[in-house]
Amino acid sequence: MRRSDFHYSLPRSLIAQTPLKQRTSSRLLTLIDGGIEHRKFSNIVDLLEPNDLLVINDTRVIKARVFAVKDSGGRVEILLEQVKENDTAICQVRASKPLKPGRTLSIGDETISVIERVGEFYKLGFPGPVLAFLDARGHIPLPPYVIRHANKLDEIRYQTVYGSVPGAVAAPTAGLHFDELLMRQI
């Protein structure tokens with residue numbers, strides 16, 4: 001098997017930019033007896049056997065994306081990778097030019113300081129507890145194939161119905177199609 005066996009053309013028009021209103025209405029492609037069947041996600045119940053194991057990621061997505069302005073006036077996008085201490089974190093930073101230690105990034109009247117470069121990431125200093133700051137100022141990170149800004153509804157729809165432990169910086173997309181009724185059926 002080669003990686004090239006998995007290359008295919010996916011037209012942009014087939015990439016959903018918003019979730020369906022009913023989670024279980026999403027399509028489910030199944031491989032049955034060597035053939036392909038198209039189903040709805042709610043049909044997953046029919047495919048599960050009594051001793052099957054269904055692994056659930058109970059992590060809840062946090063508002064890990066922040067848009068800020070450099071002290072020079074340029075815009076930056078920050079995505080949390082790992083909280084290091086109460087007020088410092090390792091983050092991805094998308095900027096027009098690499099940031100140097102000592103630079104500052106502003107979000108409203110609050111300032112984030114660039115402490116150091118850590119490989120491809122940056123260690124940033126926040127004006128208080130990182131998670132509290134992100135909860136107040138951040139946005140839910142959408143999957144990279146969704147080309148739009150997050151909105152309030154995304155805070156619900158890019159969470160699983162069973163997510164309870166805050167900490168994910170990306171939506172656990174494999175679990176987004178389960179709803180409460182389907183979970184009870186399973």
Side-chain angles (χ1 to χ4, degrees), residues 12 15-21 23 26 53-180 182-183:
R12 270 212 178 302
I15 301 172
Q17 295 299 300
T18 56
L20 294 174
K21 287 183 180 175
R23 291 173 183 263
S26 298
L53 174 66
L54 187 61
V55 178
I56 304 238
N57 176 353
D58 66 352
T59 309
R60 189 159 182 75
V61 182
I62 60 173
K63 297 178 184 178
R65 176 172 280 144
V66 179
F67 300 97
V69 178
K70 295 189 287 187
D71 48 17
S72 64
R75 296 179 184 268
V76 296
E77 179 182 336
I78 301 167
L79 181 64
L80 175 71
E81 277 292 318
Q82 179 184 24
V83 176
K84 294 305 279 183
E85 295 168 19
N86 188 42
D87 62 350
T88 61
I90 303 298
C91 300
Q92 294 178 34
V93 178
R94 186 179 297 172
S96 59
K97 295 180 183 173
L99 301 174
K100 293 188 180 349
R103 300 290 302 265
T104 58
L105 311 171
S106 299
I107 300 171
D109 60 346
E110 298 187 275
T111 303
I112 297 171
S113 59
V114 178
I115 298 171
E116 65 179 321
R117 184 88 186 240
V118 182
E120 295 296 313
F121 303 106
Y122 292 89
K123 184 174 185 181
L124 303 178
F126 287 77
V130 174
L131 295 178
F133 179 87
L134 293 174
D135 191 48
R137 300 286 195 160
H139 304 273
I140 290 288
L142 298 179
Y145 49 83
V146 174
I147 313 300
R148 64 177 177 79
H149 289 288
N151 59 47
K152 275 297 204 192
L153 185 58
D154 293 328
E155 293 178 22
I156 297 167
R157 291 313 310 272
Y158 282 98
Q159 299 283 358
T160 61
V161 296
Y162 46 77
S164 59
V165 181
V169 297
T173 53
L176 294 179
H177 309 298
F178 292 92
D179 65 12
E180 290 88 355
L182 183 59
M183 293 301 294

(message) Pair Arg23, Leu182 - check side chain to side chain contact (heavy atoms under 4.5 Å, CB included), show working.
(response) CA-CA 10 Å; Arg23 291 173 183 263; Leu182 183 59; over 6 Å; no

(request) Under the side chain to side chain contact (heavy atoms under 4.5 Å, CB included) rule, what do Thr173 and Tyr145 come out as? Steps first, then yes or no, please. (result) CA-CA 12 Å; Thr173 53; Tyr145 49 83; 3.8 Å; yes

(message) Run the side chain to side chain contact (heavy atoms under 4.5 Å, CB included) test on Asn86 and Val130 for me, step by step, so that the C-alpha distance in whole Å, both residues' side-chain angles and the decisive distance to 0.1 Å come before the verdict.
(response) CA-CA 6 Å; Asn86 188 42; Val130 174; over 6 Å; no

(request) Run the numbers on Glu81 and Gln92 for side chain to side chain donor-acceptor pair (under 3.5 Å), then give the verdict. (result) CA-CA 7 Å; Glu81 277 292 318; Gln92 294 178 34; 2.6 Å; yes

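Taken to the nearest 0.5 Å, the NZ atom of Lys63 stands 5.0 Å off from the CG atom of Asp135. Atom CD of Glu85 sits about 5.0 Å away from atom NZ of Lys123, to the nearest 0.5 Å. Here CG of Leu176 is found 11.0 Å from CG of Leu20. Values are rounded to the nearest 0.5 Å. Atoms CD1 and CZ, on Ile112 and Phe133 in that order, are 4.0 Å from each other to the nearest 0.5 Å. In this structure, CD1 on Ile107 lies 5.0 Å from CD1 on Ile78, to the nearest 0.5 angstrom. In this structure, the separation between CG on Leu80 and CD1 on Ile90 is 9.5 Å, given to the nearest 0.5 Å.
Salt-bridge formation is detected for the pair Arg137/Asp109: a Lys NZ or Arg NE/NH1/NH2 atom is positioned less than 4.0 Å from an Asp or Glu carboxylate oxygen.
In terms of heavy-atom proximity, Thr59 sits nearest to Pro172 at O-CG, 4.4 Å. Closest approach of Gly167 to Ile62, counting heavy atoms only: N-CG2, 3.5 Å. Taking both residues in full, the closest heavy atoms of Pro127 and Glu110 are given as CG-OE2, 3.8 Å, listed atom of the first, atom of the second, then distance. Considering all non-hydrogen atoms of both residues, Ile115 and Pro101 come closest at O-CB, 3.3 Å. For the residue pair Ala171 and Val61, the shortest heavy atom distance occurs at CA-CG2, 3.7 Å. When every heavy atom of Pro141 is checked against every heavy atom of Ala64, the shortest pair comes out as CD-N, 3.9 Å.
Applying the side chain to side chain donor-acceptor pair (under 3.5 Å) rule to pairs touching residues 149-171 yields Arg148-Asp154, sequence neighbours excluded.
The closest side-chain heavy-atom distance from Leu124 to Val114 is below 4.5 Å. Counting heavy atoms from C-beta outward, Leu131 and Pro166 have side chains that stay 4.5 Å or more apart.
More than 12 heavy atoms of other shown residues, nucleotides or ligands fall within 6.0 angstrom of atom CD in Gln17. Remark: Lys70 NZ is packed, more than 12 non-hydrogen atoms of other residues, nucleotides or ligands lying under 6.0 Å away. For Arg75, the CZ atom is loosely surrounded, since the number of other residues' heavy atoms within 6.0 Å does not exceed 12.
With sequence neighbours excluded, no residue satisfies ring-ring contact (aromatic ring centres under 6.0 Å, His included) with Tyr122. Applying the side-chain contact (heavy atoms from CB on, under 4.5 Å) test to Ser106 and every residue at least two apart in sequence or in another chain returns Thr111.
Not one N or O on the side chain of Arg117 forms a donor-acceptor pair closer than 3.5 Å with the backbone of Leu99.
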